[in-house]
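The next block holds one structure in the form of structure tokens; read it before the comments.
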Amino acid sequence: MPKEQLELLKKESQTLESNFREILVLIEQIDVLKALLRDMKDGMHSNSRPVHRDATQDQHSPDVLDEEMSNLVHYVLKKLREDQVQMADYALKSAGASIIEAKTSESYRNNKAKLYWHGIVFLNYEMPPDIILQPDVHPGKCWAFAGAQGHVLIKLARKIQPTAVTMEHISEKVSPSGNTSSAPKEFSVYGVLRKCDGEEVFLGQFTYNRTETTVQTFQLQHEVSESLLCVKLDILSNWGHPEYTCLYRFRVHGIPSDHT
């Protein structure tokens, strides 16, 4: 095939990929909104109290309907915008954190995540490890490694004395497969001394419970006296998926070195 046609095909495939990703994001956002609306509906039913007035009149009152709709919109926007953790994330990519891939498990290779045209890969949905350092948590926006055990080395945005970590995964309500068996279960956290290649210091071992809230924060079990630039996340097991484990987002909290 002539070089010009290959270049044209490449540009068209990139445009197609971009449009397809935008459609996927919109679908995922709709699923999230549906889940939030279901949660709010359940909460409204559970918190409802007997009212000594004509229910039929309320149902047909435009003012009541407008107020309920306004409350619904504000609730959904609040849920989408709020940060439940309320602690600085020093493993945030946009703040300067990164993954040291040479000391991180290999990504799970799945040919089903690729589309080919005459032997050329023109759509690839495999996510890189640094996706776990970003706040965009939509179904499929995770880093996968083979099996139930793996590790990732994170270079933080700055030196800190770590105090807690946060693990986040999607819920079954928005999972395209209807389950979250690929979610991490047991995991350990280590601090790495001397510019990310020295001795590992055990900071704690925890269990992510997929039946509880999707965002779970864990206070570290062991303190370190010096500030660290690197943290190692060691996944020990998942919730039963036989092929791979998916990490959506991992955060590291602590005290900056200039505050100690």
Side-chain angles (χ1 to χ4, degrees), residues 79-107 127-138 141-145 148-170 183-210 212-238 245-260:
K79 284 293 182 183
L80 290 175
R81 292 171 178 169
E82 70 181 5
D83 183 354
Q84 303 174 27
V85 178
Q86 293 296 311
M87 288 189 289
D89 176 18
Y90 295 99
L92 187 63
K93 180 180 178 180
S94 60
S98 60
I99 299 293
I100 300 180
E101 295 197 27
K103 297 184 179 181
T104 294
S105 297
E106 290 187 4
S107 299
M127 298 295 171
D130 65 5
I131 197 73
I132 71 172
L133 308 182
Q134 303 178 52
D136 185 3
V137 182
H138 286 100
K141 288 271 185 146
C142 64
W143 171 60
F145 59 83
Q149 297 181 343
H151 59 273
V152 56
L153 186 60
I154 303 169
K155 183 179 180 181
L156 304 175
R158 61 186 301 180
K159 282 189 174 184
I160 65 169
Q161 284 188 352
T163 57
V165 296
T166 296
M167 181 79 73
E168 182 174 359
H169 200 83
I170 61 171
K185 186 177 181 180
E186 297 175 315
F187 65 95
S188 296
V189 179
Y190 297 86
V192 184
L193 305 177
R194 292 194 298 277
K195 296 183 179 179
C196 305
D197 60 359
E199 177 186 356
E200 294 182 2
V201 179
F202 179 72
L203 301 178
Q205 182 172 327
F206 313 96
T207 299
Y208 179 86
N209 191 337
R210 64 171 180 163
E212 296 181 357
T213 178
T214 57
V215 181
Q216 299 175 27
T217 298
F218 306 88
Q219 299 298 319
L220 297 180
Q221 299 161 347
H222 298 275
E223 297 181 355
V224 289
S225 58
E226 60 181 289
S227 297
L228 303 174
L229 185 60
C230 283
V231 167
K232 177 184 176 183
L233 170 62
D234 195 0
I235 305 298
L236 306 176
S237 64
N238 66 20
T245 302
C246 268
L247 298 183
Y248 272 84
R249 188 179 180 189
F250 184 73
R251 313 183 207 186
V252 180
H253 316 292
I255 305 171
S257 58
D258 55 358
H259 291 176
T260 56

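Along the sequence shown, residues carry numbers from 1. The analysis underlying the following values was restricted to heavy atoms, covering all of them including side chains, and did not include hydrogens, waters or symmetry mates.
- No donor-acceptor pair under 3.5 Å is formed between the side chain of Tyr208 and the backbone N or O of Asn238.
- Taking 4.0 Å as the cut-off between side-chain N and carboxylate O, Arg194 and Glu199 do not count as a salt-bridged pair.
- Counted within 6.0 Å of CD on Glu106, heavy atoms from surrounding residues, nucleotides or ligands total 12 or fewer; the atom is thus considered open.
- Taking the six-membered ring for Trp and the full ring otherwise, the centers of Phe206 and Phe187 sit less than 6.0 Å from each other.
- In terms of modelled atom types and a separation under 3.5 Å, the side chain of Gln221 and the main chain of Gln205 share a donor-acceptor contact.
- Side-chain contact, Ser188 with Asp234: no donor N or O sits under 3.5 Å from an acceptor N or O.
- Counting only distance, with no hydrogens or angles, the side chain of Glu168 and the backbone of Gln216 share no donor-acceptor pair below 3.5 Å.
- In this structure, Lys159 does not pair ionically with Glu226, as no charged nitrogen and carboxylate oxygen lie closer than 4.0 Å.
- By the ring pair (Phe, Tyr, Trp, His ring centres under 6.0 Å) test, His151 is found to be paired with no residue, residues two or more places apart in sequence or in another chain being considered.
- The pair Arg249-Asp136 does not count as a salt bridge, with every side-chain nitrogen at least 4.0 angstrom from each carboxylate oxygen.
- Using a distance-only test at 3.5 Å, with no hydrogens or angles considered, a donor-acceptor pair links the side chain of Asp89 to the main chain of Val252.
- Counting only distance, with no hydrogens or angles, the side chain of His222 and the backbone of Phe202 share no donor-acceptor pair below 3.5 Å.
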